[in-house]
Amino acid sequence: MKYVDETTAPPRRRRRPRAILAASAALLSAARDASSSSSSSSSSSSSRAASFLPTPPSSIRRRPRRGGGPPSLRSSSSSSSSSSSFEPPDAPPPPSRPPRRRLRLGPPSGASGGLGMYVHVPYCRRRCDYCDFAIVPIGVDARHGGGTDDDDDDDGGGFGGLDRAYRRAVLDEIDVLGRRPSSSSSSDDDDVDDATSRRLRSVYFGGGTPSLAPPSTISAILDSIRERFVLDDGAEVTMEMDPGTFDENYLVAVRDAGINRVSLGVQSFDDGVLAGLGRVHRSADVYRSVEIVGRAFGIDDANYSIDLMSGVPGLTLAGWADTLREAVSLRPRPTHLSLYDLQVEEGTAFGRWYGVGEDRDGVVASTTSSRDGPRPALPSAEDCAFMYAYASGYLKFRDYEHYEISSYAYRDDRADGRIDRDDDGRGRRSNNRGRHNQIYWEYDGRWHAVGLGATSNVDGKRYARPRAFSDYVSWTEGLRRSFANVGGDAVPTRTFPPWLCGESGADAELRDDDEDDRLLDIVMTRLRTSEGLDLDWVAGQDNYDETHVEAILRGFELALDLKLGHKDASPTGTYGCLRLNDPKGFLFSNHIISSIFLELSEVDSG
């Protein structure tokens with residue numbers, strides 16, 4: 001079988017906050033014009049409400065899994081070209097504008113220390129009809145290297161050769177990351193020693209389908225991470241797995257290598273819906289995989305999450321209710337649920353069939369399926385909104401905490417943040433929130449990322465790796481050559497590429513839009529969590545003041561007027577905290593956040 005290097009894969013588009021701002025400006029202006037012409041506050045609220053359509057948040061990652069970072073930050077390429085836009089790591093492209101002072105953003109009080117590590121494993125059996133991620137299809141019959149751990153195809157054209165090349169590339173990148181200078185070497189604000197700068201509190205294997213990688217590859221990557229970094233005691237180490245791609249022996253092997261949490265890409269329990277999405281697995285594979293998880297980790301100790309999709313072709317309201325009921329009835333019970341509404345992307349099969357855009361009411365496929373007959377229509381926006389709201393209410397009733405716009409954590413008797421210990425010393429979970437994903441939503445979350453198309457965010461500098469397999473391997477070969485003649489760990493800062501070496505080198509490459517968008521990113525990510533946005537934290541940053549806080553408050557008036565959000569007073573601070581209501585505030589979050597963006601843009605341009 002020939003394994004495809006997808007150099008022509010559609011580029012993963014980065015949804016920058018300012019792009020969202022521009023897309024929403026006309027709508028918000030019309031809403032405000034209608035509001036100003038109303039004769040009373042009640043008519044103002046009703047006219048503004050009429051200007052909005054309640055749909056699931058559109059700029060979040062409205063499809064399951066994959067990638068390295070929060071929705072607005074996830075990117076697999078900084079260019080529309082996947083084959084020629086990346087230069088060697090020691091010669092990044094010059095800045096398009098004069099450099100400006102780098103943001104110094106410290107974490108709020110009580111924030112957890114340590115970084116995360118995202119590892120992208122791009123293998124997939126085939127590309128799903130809705131998928132635009134950086135993947136490498138290896139065939140529908142693939143099972144983590146054809147069911148072996150030492151697939152030695154000497155011709156280099158089989159999966160064994162492809163996996164060896166990719167493993168080597170990822171290990172090379174981890175080696176370089178582990179030798180990067182500490183951020184404390186160039187920071188006047190943070191007195192952080194080298195051990196702390198290398199401390200990891202989570203590792204996340206995403207894809208693609210990481211469970212298609214041989215156990216030896218997963219083990220080698222984790223060993224390299226442990227060699228170059230310091231994993232916290234009890235660090236969360238998650239691996240995405242697709243039903244039907246692993247057996248008990250495989251799961252035990254990766255468990256023994258260090259995996260302690262599984263994320264299952266279930267998407268649906270309806271075989272017809274799964275077929276319509278282009279998924280390979282079926283419901284029987286889901287139940288079998290959950291049973292394997294229970295045997296490998298124990299019914300009471302299994303820590304696993306499942307992904308589910310709403311808003312997909314052929315899914316009815318009753319079908320969505322059945323999906324949720326089936327999910328919480330699984331045993332062992334999933335400790336975490338991630339729910340995503342379908343996003344139809346350019347360059348995908350769905351994009352060709354259904355078109356790309358927010359208006360999905362009554363949209364039917366432009367072609368029919370040769371496999372399954374006519375393709376079903378997409379659910380209406382109102383039905384999608386109902387699915388979102390229903391999930392919030394139903395899962396709350398079933399003891400799941402809606403802690404982030406698309407994430408639910410099961411609350412048990414120990415859900416107080418503590419780690420209880422059994423008699424044998426094993427830890428038992430008391431907080432089932434995804435620790436790694438929470439890093440993406442923190443005020444100053446930092447994470448390394450390695451692998452095809454992965455995006456890192458360290459010391460205020462984001463960097464996206466090449467999307468195409470051959471480009472990524474060539475890029476890491478350049479990294480390896482850069483360090484071939486450098487001995488030991490004491491590598492001079494100037495040896496590192498500017499995107500990696502922290503403030504001393506990153507200033508020259510930090511673009512204006514990165515600095516300008518930092519506050520917008522924080523507003524967007526924090527308002528999509530149950531904790532909300534701490535205005536006192538904003539006011540306490542070097543780059544912001546009361547003017548920015550007042551702009552945020554003006555933008556948030558839209559949520560207050562429509563009872564979509566609320567402002568909590570701070571017992572110790574001055575300005576308090578802004579939160580969107582669940583579920584209606586989350587449903588309208590795009591509009592509320594865009595309203596804040598418009599107010600902040602006026603501050604920036606003033």
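If you read the sequence from its start, that first residue is 1, and numbering goes on from there.
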Modelled atom types, side-chain donor and acceptor of [X] and [Y], under 3.5 Å:
X	Y	result
Glu240	Tyr204	yes
Ser216	Arg167	yes
Arg528	Ser406	no

Report task. Start with the C-alpha gap between Arg127 and Thr348, add the side-chain angles, then the distance that decides, and say whether side-chain hydrogen bond (donor to acceptor under 3.5 Å, both in side chains) holds. Result -> CA-CA 9 Å; Arg127 182 177 289 278; Thr348 65; over 6 Å; no
Query raised in the report: Mind checking what makes ring pair (Phe, Tyr, Trp, His ring centres under 6.0 Å) contact with Tyr408, not counting sequence neighbours?
Result: His402
Requested in this report: Would you please name every residue forming a ring pair (Phe, Tyr, Trp, His ring centres under 6.0 Å) with His336, sequence neighbours left out?
Outcome: Tyr403
Please list, chain by chain and in numerical order, all residues satisfying side-chain contact (heavy atoms from CB on, under 4.5 Å) with [X], sequence neighbours excluded.
X	result
Glu227	none
Asp223	Ser219, Arg226
Asp175	Arg179, Arg228
Ser289	Pro243, Phe246, Leu264

What distance do [X] atom [atom1] and [Y] atom [atom2] have between them, rounded to the nearest 0.5 Å?
X	Y	atom1	atom2	answer
Ile174	Met117	CD1	CE	5.5 Å
Asn437	Tyr440	CG	OH	6.5 Å
Leu212	Asp242	CG	CG	7.0 Å
Arg467	Ile135	CZ	CD1	9.5 Å
Trp441	Arg526	CH2	CZ	10.0 Å
Leu177	Phe229	CG	CZ	5.0 Å

Passing option when [X] is tested against [options] for side-chain contact (heavy atoms from CB on, under 4.5 Å):
X	options	value
Met239	Val119, Ile218, Asn260, Leu251	Ile218
Val203	Ile221, Leu222, Ile259	Leu222
Gln267	Asp307, Ile306, Leu308	Asp307

Polar side-chain atom of [X] near backbone of [Y] as donor-acceptor pair, under 3.5 Å:
X	Y	result
Arg465	Ala449	yes
Tyr304	Pro332	yes
Glu173	Ala169	no
His281	Val286	no
Tyr118	Thr455	no

Query - Qualifying residue for side-chain hydrogen bond (donor to acceptor under 3.5 Å, both in side chains) with Tyr123, from Thr245, Asp163, Thr209 - result: Asp163
Query raised in the report: Testing Arg201, Arg199, Arg198 for salt bridge (charged side-chain N to carboxylate O under 4.0 Å, His left out) with Asp232, which one passes?
Result: Arg199
Query - Side-chain ion pair, Asp444 and Arg518, N-O less than 4.0 Å - result: yes
Query raised in the report: Where do Glu401 and Arg433 land on the salt bridge (Lys or Arg N to Asp or Glu O under 4.0 Å) test, with the steps shown first?
Result: CA-CA 9 Å; Glu401 173 197 15; Arg433 295 183 178 188; 2.3 Å; yes
Report task. Check whether any side-chain heavy atom of Tyr166 sits under 4.5 Å from a side-chain heavy atom of Val136, and report yes or no. Result -> no
Query raised in the report: Can you name the nearest heavy-atom pair linking Leu452 to Pro466, along with the distance?
Result: CD1-O, 3.5 Å
**Report entry** Working for side chain to side chain contact (heavy atoms under 4.5 Å, CB included), residues Val254 and Phe205
**Finding:** CA-CA 11 Å; Val254 296; Phe205 287 84; over 6 Å; no
